Amino acid sequence: MEVATSAAPTALETFRMETRAWLEANCPESQRQSVKSYTDMYWGGKNPVFNSDDQKVWFERMLEKNWTVPHWPKEYGGGGLSKEENKVLKEEMGRLGCRPPLYNFGISMLGPALLKFANDGQKDHFLNLITAGKLWWCQGYSEPGAGSDLANLQTSAEDKGDHYLVNGQKVWTSFADKSDWIFCLVRTDPEAPKHSGISFLLIDMSSEGVSTRPIKLLSGNSPFCETFFDNVKVPKENLVGKENAGWTIAKYLLTHEREMIGGVGDTEQKTPLHKFALDHVGLENDILADTILRGDVAKWEMDDAIFKMTISRTMDEVKAGQSLGASSSFFKYYATELNKQKLELQMSLAGTAGNQWEGEASDEGRLPRYFCRTKANSIEGGTSEVQLNIISKRILGLPSK
Amino acid sequence: MEVATSAAPTALETFRMETRAWLEANCPESQRQSVKSYTDMYWGGKNPVFNSDDQKVWFERMLEKNWTVPHWPKEYGGGGLSKEENKVLKEEMGRLGCRPPLYNFGISMLGPALLKFANDGQKDHFLNLITAGKLWWCQGYSEPGAGSDLANLQTSAEDKGDHYLVNGQKVWTSFADKSDWIFCLVRTDPEAPKHSGISFLLIDMSSEGVSTRPIKLLSGNSPFCETFFDNVKVPKENLVGKENAGWTIAKYLLTHEREMIGGVGDTEQKTPLHKFALDHVGLENDILADTILRGDVAKWEMDDAIFKMTISRTMDEVKAGQSLGASSSFFKYYATELNKQKLELQMSLAGTAGNQWEGEASDEGRLPRYFCRTKANSIEGGTSEVQLNIISKRILGLPSK
Amino acid sequence: MALVLTEEQSMLKSSAREYLKENAPVAALRKLRDDKDEKGYDPTVWKAMAEMGWASLTIPESYGGLDFGYTGLGQILEETGRTLTASPLVSTVLLGTTLIKQGGTEAQKAALLPEIAEGNLLIALAAEETSAHKPTKIAATYTSLGKTHAVSGKKVFVLDGHVADKFIVSATRDGKTSLLIVNADAKGVSVERTIMMDSRNAANVTFDNAEAILLGEEGNGIAVLEATLDIARIGLAAEMLGTTCEAFDRTIAYLKERQQFGVPIGVFQGLQHRAAHMYCEIENCKSVVIAALQAIDKGSKKVPMLASLAKAKLGKTLQLVSNEAIQMFGGIGMTDDEEIGFFLKRARVAQQTFGDYNYHLDRYAKMNNY
Amino acid sequence: MALVLTEEQSMLKSSAREYLKENAPVAALRKLRDDKDEKGYDPTVWKAMAEMGWASLTIPESYGGLDFGYTGLGQILEETGRTLTASPLVSTVLLGTTLIKQGGTEAQKAALLPEIAEGNLLIALAAEETSAHKPTKIAATYTSLGKTHAVSGKKVFVLDGHVADKFIVSATRDGKTSLLIVNADAKGVSVERTIMMDSRNAANVTFDNAEAILLGEEGNGIAVLEATLDIARIGLAAEMLGTTCEAFDRTIAYLKERQQFGVPIGVFQGLQHRAAHMYCEIENCKSVVIAALQAIDKGSKKVPMLASLAKAKLGKTLQLVSNEAIQMFGGIGMTDDEEIGFFLKRARVAQQTFGDYNYHLDRYAKMNNY
């Protein structure tokens, strides 16, 4: 037990004990297994698909407690938990290994933007739908031809009085083929400088003129899609924030995304790299048989261990009142480069068996497909080059011209 | 013997046999030892200093055969050898280890420029002095504040009718304190675009207003100096090429310099790196005791061996008629980076003993001073960054804007 | 020998490039993959290659070959590396022909080499037994049945194993290592095709007392295998050189074409310096490959050293270049629609074939006694 | 414990920075070097440091110390790393005090620690015997003379060896390893100062049956030595962090100021990306240093692991940053007049002190059983 004093428990300690008891009683065994891919997750939506009864039960029980998004205000269907309570809940869920009952870009990305930039009506309407898991959201930022130059977007939203007429194309819209709604950057003023003519728009994916096409990656199938808008009518009330002021919202969201990607690191693999090495290469004279790979593995593990300390240190500093600022670029850059290096090493350690792309023996090429997939880590959510630019300009103050 | 045919020897074969015999008879034993530093070399000059009788004898014998600069035309005191003969002479000198009888920037750098750009009078006068070793030359290109941006030079030469009045400062002028003359880039038109107002001028270092100051490096003393011009009068006949057309000559010379530096690589150390490693670290289980350094040493030796093949291949291609072009930038970049890496490895291999800066045990810090000195390899003669710029623009054709 | 191609070699190379661009581009590999083609290579193309003499380049004239040498074969391989062409060139010509030349009896040469030259016979070397390259650590065994033998053992990563007519198998008996020829249709042979990430052909092959005959003399298996592998490493390095150059060329072209922030991304010095560095490494790759190929043709003692140098350097450089290619192509490079990803995948498999970078680094150090 | 400084630690750090900037900047080291100063450090500065309590930070209050902990000492070391200050902090405080605290008897602590706290006693650890760091491979021996002992052996790279009042020497007898205290003026002690590239103090010291007393118990030499070295590695890493940060700060300032082609060179993306990468590595250095310092103060079992992590990471990063600094400063950075070169030189010596990058990489792998 954490509490060894004779004094009465604090409110937070009571909350912890009650939460623990409730989770133990209510979280089905199967929902305590770690998530292996996005197909293990429940995403909600208009036409919800549960992949097991347990998943449904768990979602419904958590929904009832308003714990799908425990830290949002109660008026929007959130749990209204304080920062401290939310931390306790997370810790206790982590202790048991409970899966989040609901995944959705509405929670992780759109929600924070709505809370900050939306009007009351929008908050009321959309945040409640999000906490209830009633809409599956996707994100419409990137466009072909834009890439790192995100602000160079061409999808247009023409003012038609009561609605916008949207035309254009988005890429890298995850789950667009399954989503109910999309939050989107569109160009509302083609004459303005490129950052100034952008607006933030919510679009119903069932609108006429919206179509999607899945993108196949090097690694195989993916949740990514291309999304096409062909004379799509969008009511003006779906505009978030002011017209032509969407870039501010976009930047706010991008920082969120970057932190997510940087922080997540490698969710797929929990085994230490040297264990993987020992399994594949073995010992010789008490050291890893391949002495050159041994050095590379040690170098990687040291860098990784130290980077984790930096994450802790930064969290401690934020708690102590310092702001995170542009260092999310550092996390994004470093975490993704480390992950790529790790998979390079694993491929070397696995030898020719690691090159098998199909078949049971290789779990349908799990390793090489993940290897290929990691190559995108340093591209999506802002390339490594963009992160280095941000560091050199915003943190180091190096001149632009 | 190279020749195993029964036919009569060709003229070139005869030349080879005669040359070999002459060298064997005439090159003193001490002049067949490898050169360890510039103090072992004979540099010529108005006040010649020979560091041994052998050095004097060797110089005088070679001078008599006009072999101080064997491939220059006879009319300028050169040997008038054909390309093939010159190659044979070099090979035969290499076979015996004969030192060049005369070192001088007049030979390696100024000479080629004079041959290409000077008028007949200048050629007659200066080339004969160079082949006879009667002038010690230094080079006045770099200026403080110019650095990689060489054309940004400020030393001015004002037209005063029959002479120029030179004012300004040069840096990195090797041996300026010992030299008789300097070949110099000066600005003759301050109004012109920066590449267009530059002229190539020869200046007598004994002129009034010329002074020098040696530069101490990280590694200790060096042949480099700062050279100051304070109202120095230079006769107009010392202008090489046209006024304001000096940049062409400079570029021509720079390519020469780059090749020299790239080609030279490491003249100081001939022991293979792994021998150095074995001497310092030793074997354990039949492999180098430090397995991590072992990998680094092998990696370096492989890169070095392969780079040497590239030098051979390029020479073969040049012989086969291809032009060298901008690939001298590649040689310069790669050779100097390799050399820096080598010294990093040697410092690691030598351990704490390699950190001794003074004293007999360390030969007065030979290793760490050389280590420090190599850091300049990737700066002098055009930085690595400049070389990479040249490669990306001139070879790869990447755009500038 | 000067480190440049002869006129004949250059001509062979250009004609190969032209043929492959037309008849076996990357799109052809994609089609084989997407069609789940049973053979995994195009027999029509292979037949044409044989007709152009590509299968005969290293076969002496006395056996119906062109006796053109490995430097010539290297040019072909380099070009197939550019187009990522799946063909039996590596299995049958680079490995098979070399094994037979190095180890076979006069009769075996006379019987097999002309068939290979004609494009009628596919050979696969069954040597690897573990995921890590350890060619001389052999668990497979054979027994003598008088004139013939019987081989047992499990082999992995057998290139073109599922389409080969004959296997050449490494196995031991009483401490002697030999190579044995086994017909693909012999009893006791079972072949399981493995689909690899580069969409090229490989298989796991099990021999259960399969009938075999010795390739040449008994007990010379290690010597022939190692000599052949060194040649194969060099040939593969030549192929990887083509793959590296093509991936690089495509990347440079993309840097000039792709617009971001109103300029082609090739103006950014961060990318320029990385591209220039790759250029330097590729120049070095060209040197070691031609030096190594010529060493084979000269019968130089330096072949093993050059084989490790070439395979290591190309492995490292192709890894660098294919990774940088994806990064510089950005999101588009991650899609299966864009061909650059095929180069990344091929790079990884080629890296693991015949010993990876670390294997050859270690071997190089050992050859220099440290 | 949160990975941030307490208010007291931050204040200590700021005041140290101010003092050192004023009283012991890089110029002071240059002067000691150029004057061929006999001591190689400034006793006035050392006295002042002691008066400010820097020599007492890790000494318990009962022995006249401040008991402020190693995290506090680390802040001082970091600041001396910025100014490259030559002082007995490493030899006497980081090593000496720790050795006595870890290994000494009650009486030894009571006698020696207050003297150190006052700045009156300099201690040098004589442990290394070879150029490579192998602290537990000890050839020096000692014999018993009843109450006292006699030590013989040759020690190298003894930090502050030529100015120390007492040596603590590692030596063996009958398979037992012990630490022994030898007075610098004892018979049989000969000291040869070695001038190192960083202009800091070191010496080779020979003991020829020199009179000695045991530090604490016989036979606990390895344990005390290793525990002390791990603390010293972390302290040195803190010092190296300061050196790294200062070299980096100066480089960034130079990138903003130096004009080439009409612009500050900091606009070039090739340099920007390298600078940004260094920034990331330095952030990591800060994390591992504070985590390791706090681990000492917590008495954590992870100290050895963290010591290797910290020393390795700082060694690698300081090497990178000091090399890049010279390259980015260009020609001016190569001159002795410019101070940046002092950082390169210090980087190399610090790298070799208490085990270099490879040593700790290897040790880390061994600690993780691979």
Side-chain angles (χ1 to χ4, degrees), chain A residues 142 144-152 171-172 194 215-222 224 280-282 289-296 340 344 347-359 361-362 364-365 367-369 371-373 375-376 378-380 383-386 388-389 392, chain C residues 33 36 128 130-134 156-157 192-200 202 204 258-263 265 268 270-271 274 315 319 322-323 325-338 340-342 344-346 348-353 356-362 365:
Chain A
S142 303
S148 293
D149 187 9
L150 195 65
N152 189 30
V171 287
W172 308 119
K194 70 178 176 181
I215 295 174
K216 195 178 165 193
L217 294 182
L218 294 187
S219 45
N221 295 328
S222 81
F224 294 118
H280 284 80
V281 177
D290 184 328
T291 59
I292 294 160
L293 264 176
R294 175 176 178 262
D296 293 343
K340 287 198 301 176
E344 288 283 348
M347 289 296 282
S348 289
L349 289 160
T352 51
N355 292 331
Q356 286 196 29
W357 195 250
E358 294 182 10
S362 65
E364 300 299 335
L367 179 65
R369 286 173 194 268
F371 165 79
C372 287
R373 184 63 185 78
K375 299 302 175 194
S378 50
I379 298 168
E380 57 201 347
T383 63
S384 282
E385 289 77 10
V386 165
L388 292 172
N389 287 344
S392 66
Chain C
R33 180 195 73 174
K36 297 184 185 299
E128 309 273 2
T130 55
S131 291
H133 179 65
K134 290 176 185 168
V156 300
F157 198 53
E192 175 211 359
R193 181 180 181 186
T194 50
I195 305 294
M196 308 302 279
M197 82 188 284
D198 65 348
S199 307
R200 300 270 278 267
N204 296 330
R258 167 72 167 172
Q259 301 276 329
Q260 294 263 276
F261 308 103
V263 291
I265 58 175
F268 293 113
L271 302 184
R274 281 151 58 187
Q319 185 178 16
S322 58
N323 272 324
I326 296 287
Q327 181 67 24
M328 292 182 181
F329 268 80
I332 197 86
M334 282 303 300
T335 65
D336 188 69
D337 278 353
E338 166 55 53
I340 199 74
F342 284 75
L344 177 79
K345 291 175 175 178
R346 174 60 191 152
R348 251 297 151 198
V349 180
Q351 172 73 277
Q352 302 304 140
T353 307
D356 66 1
Y357 180 74
N358 292 343
Y359 178 90
H360 289 290
L361 199 65
D362 180 70

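Only heavy atoms go into these numbers, but all of them, side chains included; no hydrogens, no water, no symmetry mates. These numbers were taken from a predicted model, which means no experiment stands behind them. Chain naming here is simple, since letters A, B, ... match the order of the sequence lines and numbering starts at 1 in each.
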Interchain contact, C:Thr353 with chain A, by part (heavy-atom threshold 4.5 Å): neither
Polar side-chain atom of C:Ser131 near backbone of A:Thr352 as donor-acceptor pair, under 3.5 Å: no
Gap between atom CG of C:Asn358 and atom OG1 of A:Thr291 - 0.5 Å precision: 8.5 Å
Minimum side-chain heavy-atom gap C:Met197-A:Met347 below 4.5 Å: yes
Choice from A:Pro368, A:Gly145, A:Ala353 maximising heavy atom contacts with chain C below 4.5 Å: A:Gly145
Region of C:Leu271 that comes under 4.5 Å of a non-hydrogen atom in chain A: side chain
Residue part contacting chain C, namely of A:Leu217, when any heavy atom lies under 4.5 Å: both
C:Phe261 versus chain A, the contacting section by heavy-atom distance below 4.5 Å: both
Side chains of A:Glu385 and C:Phe268 in contact at under 4.5 Å (non-hydrogen atoms): no
Top of A:Ser348, A:Ser222, A:Ser142 for chain C proximity - count of heavy-atom pairs under 4.5 angstrom: A:Ser348
Largest heavy-atom contact set with chain A, pairs under 4.5 Å, which of C:Asp198, C:Ile326, C:Val156, C:Asn323: C:Asn323
Separation between CD of C:Gln351 and CG of A:Asn355, rounded to the nearest 0.5 Å: 9.5 Å
Most chain C-contacting option - heavy-atom pairs closer than 4.5 Å, from A:Asp296, A:Thr383, A:Leu293: A:Leu293
Heavy-atom pairs under 4.5 Å with chain A, option from C:Glu338, C:Gln327, C:Lys345 with the top count: C:Gln327
Side chain / backbone / both / neither for A:Ala146 at chain C, heavy atoms under 4.5 Å: backbone
Partner chain A: residue of C:Val349, C:Asp356, C:Asp337, C:Thr194 with the largest heavy-atom pair count (under 4.5 Å): C:Val349
For A:Cys372 against C:Leu344, the heavy-atom pair lying closest together: SG-CD2, 4.4 Å
side-chain contact (heavy atoms from CB on, under 4.5 Å) assessment of A:Glu358 paired with C:Lys36: CA-CA 12 Å; A:Glu358 294 182 10; C:Lys36 297 184 185 299; 4.1 Å; yes
Under 4.5 Å from any heavy atom of chain A - which part of C:Gln319: side chain
Between A:Leu388, A:Asn152, A:Val281, A:Asp290, the one whose heavy-atom pairs under 4.5 Å with chain C are most numerous: A:Asp290
Side-chain touch A:Phe224/C:Met334, heavy atoms, less than 4.5 angstrom: no
Best-contacting candidate, A:Ile379, A:Leu218, A:Ile292, against chain C by heavy atom pairs under 4.5 angstrom: A:Leu218
Chain A contact via C:Gln259 - side chain, backbone, both or neither, heavy atoms under 4.5 Å: backbone
Which atoms of A:Ala151 approach chain C - backbone, side chain, both or neither, heavy atom under 4.5 Å: neither
A:Gln356 side chain near C:Asn204 side chain, heavy-atom distance below 4.5 Å: yes
Choice from C:Arg258, C:Met196, C:Gln260 maximising heavy atom contacts with chain A below 4.5 Å: C:Gln260
Minimal non-hydrogen separation, C:Arg33 against A:Lys216, with atom names: NH2-NZ, 3.9 Å
C:Arg274 versus chain A, the contacting section by heavy-atom distance below 4.5 Å: side chain
